Amino acid sequence: MIKSVNEAKVISIEAGFGWGKTFFRKAWAQHLRDYGEVAIEIDAQQSDHSGDAVVTFLGALMAALPEKEQSKFLNAWSTGKKLAWGDMKIGATVLARKAGEEAVESLDNMLSKDGETSKIDEILTSFGENVSHALSTQVAAQLSAEQVRSREMPQQLAELRQTLTQDTGTDRVVILIDELERCHPDYAIALLEAMKLAFNEDGYVFVLFVNREYLENLAEHRFGAFGSEGGEGYLDKFIDLRLKLAPKPEAKAEAARQIVLQYPEFEPYGDDPEFGLERAGQVAFDAVQACGPTMRQIKRTLERVELVIRCHRGEPMDVPLLVCLAFNETNLGGLVLKRVLSRASLTAVAGAELVKKMNEASLAAAGQSGWERERRLENEFRHKVHEEYPELIALPSERFDLPDDQNYHPWWRVVAFLAPHYLPMYEAMLNAAHHLQTGTDEANDDSENA
């Protein structure tokens, strides 16, 4: 789709809170770069401190230039009248200036073709002696900004785009803007207006990742009837193409797998591939398909596992089990631990029940010879452990809380000396990470809004 766009275009990718807009933005930006496009990402919340939407856009574009080109453009724009960008006051003043726009429009036609600002006073004088000084000043500033917007900026933006796209095989610059709903309302509006009024030039494609309902409500609160005039939504004034972000369950599951595969290195709990990173990724995939979390819930859950890994570096870790237990802790429902990872069902209680059954069977077989009793018990419990937890049998001895140096049966080591501490240990790690994580309440709120 992007490759078919050469003119100025604004596209919205719309989804509610927690549905993966930021994740998709990052992944799509990288995808565009992989295919030779120039993709520039702007986190509106992070840039809110600048307070100037034009500066935000210029800063992002400049940052994407090679270092030698940055200084070249800065030098060119910091001399003479070309740096009249600052005269463009866009955003929160839109309503205040509305009354003078008709005067500005008529006076603009009177400007000489050379666009010299020094002639504005002459024009205002000829416009009429009854024009107040305050209005004259406002109109003069507006005219100056209009000259910059309509004559100087297009040329400068064209030069900037050519520099950004040279040797890339494309003449487009794709600017992806996210987190508009998380920055100051006036700044969000200023960004939208600057995008459409100042940067509406061929070759610049803007992609907005937005919660449309939130921004529409914000605009209605800010502008009242102005934002919904004639039944048209506020965002419709800026957006050319609206798209909905509604990832399929398989796509979200695959996204979860990819997040896990980016985990830092760790020491597996055992040598079996069941304890490796690939298996952890598959567990994430299966868990997401089973319980259907939002993308934000997926990220928060898997961030918790990563936090455990980083806090316990150097310790043997069963990361697949951590992933399974973490999704179970989100209380989303629909996750059957045993179906996602069989050994996740080896709780301390389950181990104690197996030990109890073995002892009862041993007492019941007291009249039989020792060999027959041992064979019967071994067949019963060995089959269960080998069937459900085969990877646990070959774990090194230090994983078990063995009371002495006796040569215990492998299945007995699992149920008697591993089960009591195995899951509780990882549940405690996740619980500690949960308390360290910020934004936990927000993540829980997402489940209510999903």
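Reckoned from all heavy atoms, side chains included, excluding hydrogens, waters and symmetry mates. In what follows, residues are counted from 1 in the order of the sequence shown. Worth saying up front: this structure is predicted, and the values here are computed from it rather than measured.
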Problem - Euclidean distance, Glu387 CD relative to Lys384 NZ, rounded to 0.5 Å - result: 9.5 Å
Handout entry: Over 12 non-hydrogen atoms of neighbours within 6.0 angstrom of CG in Asp404
Key = yes
Handout entry: Stepwise side chain to side chain contact (heavy atoms under 4.5 Å, CB included) test for Val205 and Ile175
Key = CA-CA 6 Å; Val205 181; Ile175 302 174; over 6 Å; no
Handout entry: Atom of Ala188, atom of Leu180 and distance for their closest heavy-atom approach
Key = CB-O, 3.7 Å
Exercise for the section: Decide if the gap between the ring center of Phe57 and the ring center of Tyr204 is smaller than 6.0 angstrom. Expected result: no
Handout entry: Residues Glu274, Arg343: salt bridge by 4.0 Å N-O rule
Key = yes
Problem - Salt bridge present between Glu254 and Lys252 (N-O < 4.0 angstrom) - result: no
Handout entry: Which atom of Ala326 lies closest to which atom of Leu430, heavy atoms considered
Key = N-CD1, 3.7 Å
Practice task
Using a 4.5 Å cut-off on heavy atoms from C-beta on, say whether the side chain of Leu160 contacts that of Leu65.
Solution key: yes
Handout entry: Check: His434 and Arg304 side chains under 4.5 Å, non-hydrogen atoms
Key = yes
Problem - Smallest separation among heavy atoms of Phe327 and Thr301, with atom names - result: N-CG2, 3.7 Å
Practice task
Considering non-hydrogen atoms only, spot the tightest contact between Ala419 and Thr347 and give its length.
Solution key: CB-O, 3.9 Å
Problem - Nearest-0.5 Å distance that lies between atom CG in Leu325 and atom CE in Met429 - result: 11.5 Å
Practice task
State, with a plain yes or no, whether a side-chain heavy atom of Lys9 is found less than 4.5 Å away from one of Phe206.
Solution key: no
Practice task
Check for a donor-acceptor pair, side chain of Thr163 on one end and backbone N or O of Glu159 on the other, with a separation under 3.5 Å.
Solution key: yes
Problem - CG/Asp405: more than 12 non-hydrogen atoms of other groups inside 6.0 Å - result: no
Fill in the blank from the handout: In terms of heavy-atom contacts, Asp202 and Ala8 come closest through OD1-N, 3.5 Å
Handout entry: Cationic N near anionic O, under 4.0 Å, Glu303 to Arg300
Key = yes
Exercise for the section: Quick one: pull up CG in Asp178 and CG in Leu208 and give me the separation to the nearest 0.5 Å. Expected result: 10.0 Å
Exercise for the section: Decide whether Thr170 and Tyr35 meet the rule of one side-chain donor and one side-chain acceptor closer than 3.5 Å. Expected result: no
Handout entry: Heavy-atom side-chain proximity of Val414 to Leu354 below 4.5 angstrom
Key = no
Practice task
Could you tell me which non-hydrogen atom of Leu322 sits nearest to which non-hydrogen atom of Val305, and how far apart they are?
Solution key: O-CG2, 3.8 Å
Practice task
State whether the side chain of Arg399 and the backbone N or O of Tyr269 hold a donor-acceptor pair below 3.5 Å, judged by distance alone.
Solution key: yes
Exercise for the section: Would you please say whether a donor-acceptor pair under 3.5 Å links the side chains of Ser397 and Arg413? Expected result: yes
Fill in the blank from the handout: CZ of Arg310 to CZ of Phe266, rounded to nearest 0.5 Å, is 12.5 Å
Exercise for the section: With ring-ring contact (aromatic ring centres under 6.0 Å, His included) as the test, would you mind laying out the steps for Phe23 and Phe209 before giving the verdict? Expected result: CA-CA 10 Å; Phe23 180 87; Phe209 296 82; over 10 Å; no
Problem - Arg212 and Glu14 ion-paired at < 4.0 Å - result: yes
Exercise for the section: Could you go through the side chain to side chain contact (heavy atoms under 4.5 Å, CB included) check for Met317 and Phe275 one step at a time? Expected result: CA-CA 8 Å; Met317 301 295 294; Phe275 299 103; over 6 Å; no
Exercise for the section: Consider only side-chain N and O atoms of Asn431 and Glu427, and report whether a donor and an acceptor are under 3.5 Å apart. Expected result: no
Exercise for the section: Would you sort out whether Ile2 and Arg172 count as a side chain to side chain contact (heavy atoms under 4.5 Å, CB included), showing the intermediate values? Expected result: CA-CA 9 Å; Ile2 290 294; Arg172 278 177 303 275; 3.9 Å; yes
Exercise for the section: Determine whether the aromatic ring centres of Tyr389 and Tyr422 lie less than 6.0 Å apart. Expected result: no
Handout entry: SB check Arg257 Glu278 (cutoff 4.0 Å)
Key = no
Practice task
Return yes when atom CD of Glu265 has more than 12 non-hydrogen atoms of other residues, nucleotides or ligands closer than 6.0 Å, and no otherwise.
Solution key: no
Problem - Any donor-acceptor pair under 3.5 Å from Tyr187 side chain to Ser47 backbone - result: yes
Exercise for the section: Measure the spacing between CZ of Arg279 and SG of Cys324 and express it to the nearest 0.5 Å. Expected result: 9.0 Å
Exercise for the section: Please say whether more than 12 non-hydrogen atoms of neighbouring residues, nucleotides or ligands are located less than 6.0 Å from CZ in Arg33. Expected result: yes
Problem - Straight-line distance of Ile177 CD1 to Asp43 CG, nearest 0.5 Å - result: 11.0 Å
Problem - Ion pair check, Lys26 and Glu41, cut-off under 4.0 Å - result: no
